[in-house]
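Below: the structure, in structure tokens.
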Amino acid sequence: MKITKISTWRVPPRWMFLKIETDEGIVGWGEPVLEGKARTVEAAVHELSEYLIGQDPARINDLWQVMYRAGFYRGGGILMSAIAGIDQALWDIKGKALGVPVYQLLGGLVRDKVKTYSWVGGDRPADIIRDIKERVAVGFDTFKMNGCEELAVIDSSRAIDTAVNKVAEIREAFGNTIEFGLDFHGRVTAPMAKVLIKELEPYRPLFIEEPVLAEQAEHYPRLAAQTHIPIAAGERMFSRFEFKNVLAAGGLAILQPDLSHAGGITECMKIAAMAESYDVALAPHCPLGPIALASCLHVDFVSWNAFIQEQSMGIHYNKGGEVLDYVLNKEDFALESGHIKPFTKPGLGVELNEELIIERSKNAPDWRNPLWRHADGSVAEW
Ligand SMILES: O=C(O)C(=O)C[C@@H](O)[C@H](O)CO
Ligand SMILES: [Mg+2]
């Protein structure tokens, strides 16, 4: 089999789909995207395509190594997102060629269903109680929300209380009938993370995500030493070579690699195994579309240490497009009490509405995250 064509379409709300065609008529789909940088990733995909056209798509490992190593410069969000989407499509082709779901090619199921969580509250945590009640009504019992709005390098006890009081309200309203992760979203500096985590301890969040920015990873062990709350991170780490450092340093209880940012299924399977060797849990990051989610789920279905999956149905980023808009086999993504069952179709298991993708790509927005500024005018981490 040979790769004959690689196409990309940027589509609402902020995603990109990739299609790899072959000379045997089998087609693979992937979702290479870095939120806010779709055009840059698209350029990277087509640079990589210069080599890929004419190659045998079955040789996923060699193609991955060529894409990663042969360009001299490597790693980072753009290149690893481009490789991720291509890798997803190559696994899709392999599964379709052999007539089995991708997880069968990865050693088969380690669980019968995957638990997911739902985002609530938006960029600035608001209406959280209402959002949680709505999603409890459809079977979710685990949620994630932003842990705070923007925080200054050193902020006031009032700012800390504002963040903590929202969490106190949730526990007041729901007790421990629900669990929730708090995403600090990189908005908190190391000194303020120490203060905020201390004040949150009594409310026992399921995890605290990105308590500091990935470039401040040396603080993870220090923060973990002061709290019993599991620390999670990974959406802004892009290869096993980054994850090895944080695993060796300790401090992270949960790794959250993004299947569309960290090199795809091939790379994230390695990251999952590394995490397990350190007794660290896996919870892949996925605020994106259906191919990204399906790729996460195939890794979750075969990774013993995978404990929960992010999915973006109803997420505040999905203005103009929802996870299943482009999916024909919507029923395969059915959530039963927040859980997803294994796909049965060959490949990634996502049947896409190509006509709609092409149509929607004609007016794809160039999504950008907002630019936040502190009261003094300085840039704030969003
Ligand atoms: O889902 C998460 O955990 C996030 O932190 C969302 C963030 O990754 C945005 O997608 C960036 O645009
Ligand atoms: Mg996050």
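We're numbering straight along the sequence, starting at 1. Predicted model only: the values in this text are computed from it and were never measured. Counting starts at 1 for both ligands and their atoms, in listed order.
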field: Donor-acceptor contact present, side-chain His298 to main-chain Pro101, <3.5 Å
entry: no

field: Non-hydrogen atom of Arg236 closer than 4.0 Å to ligand 1
entry: no

field: Test: Arg124 and Glu150 ion pair at under 4.0 Å
entry: yes

N or O pair under 3.5 Å between Glu35 and ligand 1: yes

query: Do any nitrogen or oxygen atoms of Tyr317 lie less than 3.5 angstrom from nitrogen or oxygen atoms of ligand 1?
result: no

message: Which residue and atom name correspond to the protein heavy atom nearest atom 5 (O) of ligand 1, and how close is it?
response: Glu235 OE2, 2.9 Å

- line: re atom 1 (O) of ligand 1, the protein heavy-atom contact at minimum distance is Glu310 OE2, 2.5 Å

query: In terms of atom number and element, which parts of ligand 1 are under 4.0 angstrom from non-hydrogen atoms of Trp382?
result: 11 (C), 12 (O)

task: Under the side-chain hydrogen bond (donor to acceptor under 3.5 Å, both in side chains) rule, collect the residues that match up with Gln256, sequence neighbours excluded.
output: Glu209

- prompt: How close does the nearest protein non-hydrogen atom get to atom 2 (C) of ligand 1, and which residue and atom is it?
  reply: His285 NE2, 3.1 Å

query: Atom CG in Asn305, atom CG in Leu282: separation rounded to 0.5 Å?
result: 5.5 Å

field: Trp64 side-chain N/O to Gly263 backbone N/O, donor-acceptor pair under 3.5 Å
entry: yes

- request: Check the pair Phe241, Tyr68 against ring-ring contact (aromatic ring centres under 6.0 Å, His included), reporting the backbone distance first and the verdict last.
  value: CA-CA 12 Å; Phe241 304 107; Tyr68 181 77; 5.7 Å; yes

field: Atom indices of ligand 1 within 4.0 angstrom of Trp119 heavy atoms, with elements
entry: 1 (O), 2 (C), 3 (O)

Worked check of ring-ring contact (aromatic ring centres under 6.0 Å, His included) between Trp9 and Trp29: CA-CA 11 Å; Trp9 294 276; Trp29 288 88; 5.7 Å; yes

task: Just do the ring-ring contact (aromatic ring centres under 6.0 Å, His included) check on Tyr326 and Phe17 with the steps written out, would you?
output: CA-CA 10 Å; Tyr326 302 98; Phe17 295 138; 5.4 Å; yes

- prompt: Near the Mg ion (ligand 2), which protein N/O/S atoms fall under 2.8 Å?
  reply: Asp183 OD2, Glu209 OE2, Glu235 OE1

query: Can you tell if the side chain of Val379 reaches within under 4.5 Å of the side chain of Trp372, non-hydrogen atoms only?
result: no

- request: Identify whether the distance between the nearest side-chain nitrogen and carboxylate oxygen of Lys115 and Asp141 falls below 4.0 Å.
  value: yes

- prompt: Closest non-hydrogen protein atom to atom 12 (O) of ligand 1, residue and atom name please, with distance?
  reply: Arg14 NH1, 2.9 Å

Numbered atoms and elements of ligand 1 in range of Asp183, under 4.0 angstrom, heavy atoms: 2 (C), 3 (O), 4 (C), 5 (O)

message: Tell me whether the NZ or CZ atom of Arg14 lies within the 45° cone about the ring axis of Tyr317 and under 6.0 Å from its centre.
response: yes

task: Determine, using heavy atoms of Gln256 and all atoms of ligand 1, whether some pair is separated by less than 4.0 Å.
output: no

- request: Record the part of Phe184 in heavy-atom contact with ligand 1 below 4.0 Å; permitted values are side chain, backbone, both and neither.
  value: neither

message: Do Ile178 and Phe140 make a side-chain contact, defined as non-hydrogen atoms from C-beta onward lying under 4.5 Å apart?
response: no

query: For the side chain of His339 and the backbone of Lys113, is there at least one donor-acceptor N/O pair under 3.5 Å apart?
result: no

task: Answer yes or no for Asn369: is there a heavy-atom contact with ligand 1 below 4.0 Å?
output: no

message: Looking at ligand 1, would Trp367 count as a contact under a 4.0 Å heavy-atom criterion?
response: yes

